[in-house]
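Okay, structure first, notes after.
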Amino acid sequence: MDPLIQALDIATGPVDPSGLPHLKDHSIGSLRTKLVEFGLPSYRADQIAGWLYRRGVDDPEAMTDLPADLRVHLASEWQTRALEVASVLRSVDGTIKAAFRTWDGEHIESVLIPERARNTLCISTQVGCPLACSFCATGALGFTRNLRTSEIIDQVCRMAEILAADDSPESARGITNVVFMGMGEPLLNLDAVLETIRLLIHPKAFALAPRRVTVSTVGVLPRLEPLLAVAPVNLAVSLHATTDAVRDQLVPLNRRFPLAELLDTLRGLETVTQRRPVFFEYTLIEGVNDSPEDAKRLAPLLAGIPSKLNLIPMNGHADSPMHSPDDATIDRFLRIVAGSGLFVSLRRSRGLDIDAACGQLALRHVARAAASVSTGAPPRWAR
Ligand code: SAH
């Protein structure tokens, strides 16, 4: 295995001291196998998933179509709830940010973004992040641990509850889309992310079409094919630069997987050869990556990849001196890119007033554990 990935990849997050297995750590397929180990019929997994994910019921005692002895077994030998709600903030624009507490006192955030026809939930995969991108508030936190499947999928369960308690017409839609764009790098917690995706798309769990699920990555190249082999989810790639010199500074993992290698790997993916678009994210930062030359380099760079480019003016925060260009510069950049034939859009930041926008998830409003604050040292592969 690649030594970098091996060094970063703590395969799963820790289990709590009770040692009890967690119903939500498993896709339906894996729960079937697990139940059989306990001498139970595998089809019960489908019923249990229906309660946990379709009806939002965590308490085994309330799973009324299960036999009484199974309910007692689940209640005494299993865990069913991974996260507690620590706080909920609502933006003037309707965005909802929730902070959740894990069993070991860590905190993570999820953001629900209501739009005209959909409710998109942005979820976290790690406590902090090891990749230390220089403009990202989560990166400045440093890395604490991977989340378990139960802790990733419970963000969806808890946010669905929060939404259901809201009395708006939008809330009645429930969660229609899920994006892995919160705290952490999804592909460095691949097993848990894949189990979560299986639950999101399974007809007896959340039943989302794979196209309503998007995984965002800086480009952990050996992990792209295994991700897309599980389901044809949308792939978003954090590009942010048109030269290695600049990308090395913004996204330290670029020193390990430079631009040419990243783009070549994408060109070889089956989804790409089948003309499914890759969503490229490009955070515009004043004086760093916002020049007309950068804008002109984008189309040739992405040639051969069906691309949708998302420009995101940088959301400022206390941990970085960098900030967004002014409107005229953004507009010039957008016009050059559009003129070069690329499909490009400007992402309007949502939830800025509650620090819920891209790259702002750093738990400013809940006490941070001292241990999870970065020392500021560059990551190992970047030295
Ligand atoms: N680790 C993954 C997913 C999390 S970040 C990834 O990097 O893709 C989701 C997106 O927000 C990424 O494109 C990231 O680069 C971007 N982002 C991070 N900090 C930002 C900031 N301060 N302003 C705007 N976008 C930011």
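All ligand and atom numbering here is 1-based and tracks the order in the structure.
- A distance-only check finds a donor-acceptor pair linking the side chain of Ser76 to the backbone of Val72 [under 3.5 Å].
- If you take CG on Leu208 and CD1 on Ile197, they are separated by 11.0 Å, rounding to the nearest 0.5 Å.
- When only modelled atom types and interatomic distance are considered, Thr149 and Asp25 share no side-chain donor-acceptor pair under 3.5 Å.
- Summarising the contacts of atom 4 (C) of ligand 1 with Ser216, Gly182, Ala236, the nearest heavy atom is found in Gly182.
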Atom pairs and distances, donor-acceptor, side-chain atoms in residues 333-343, under 3.5 Å, two or more places apart:
from, atom 1, to, atom 2, distance (Å)
Arg335, NE, Asp331, OD2, 3.2
Arg335, NH2, Asp331, OD2, 3.4
Ser340, OG, Val337, O, 2.6

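- Counting the atoms of ligand 1 from 1 in the order shown, those under 4.0 Å from a heavy atom of Asn315 are 21 (C), 22 (N), 23 (N), 24 (C).
- Contacts between Val251 and ligand 1, counted as non-hydrogen atom pairs separated by less than 4.0 Å, are absent for every part of the residue.
- Close approach to Cys136 involves these atoms of ligand 1, each under 4.0 Å from a residue heavy atom: 18 (C), 19 (N).
- The closest approach between any non-hydrogen atom of Ser320 and ligand 1 is not below 4.0 Å.
- Of the N or O atoms in Gly184, one or more lie within a sub-3.5 Å distance of an N or O in ligand 1.
- The atoms of ligand 1 that sit less than 4.0 Å from any heavy atom of His240 are 13 (O), 14 (C), 15 (O).
- By the side-chain hydrogen bond (donor to acceptor under 3.5 Å, both in side chains) test, His202 is found to be paired with no residue, residues two or more places apart in sequence or in another chain being considered.
- The option with the heavy atom closest to atom 16 (C) of ligand 1, from among Thr138, Leu284, Thr283, is Thr283.
- Less than 4.0 angstrom separates some heavy atom of Glu281 from each of these atoms of ligand 1: 10 (C), 12 (C), 13 (O).
- Of the inter-residue distances, the one linking Leu163 atom CG with Ser171 atom OG reads 5.0 Å to the nearest 0.5 angstrom.
- Residue Trp103 is tested with Glu151, Gln79, Arg81 for a side chain to side chain contact (heavy atoms under 4.5 Å, CB included); the sole match is Glu151.
- Considering backbone and side-chain N/O atoms, Met181 never comes within less than 3.5 Å of an N/O atom of ligand 1.
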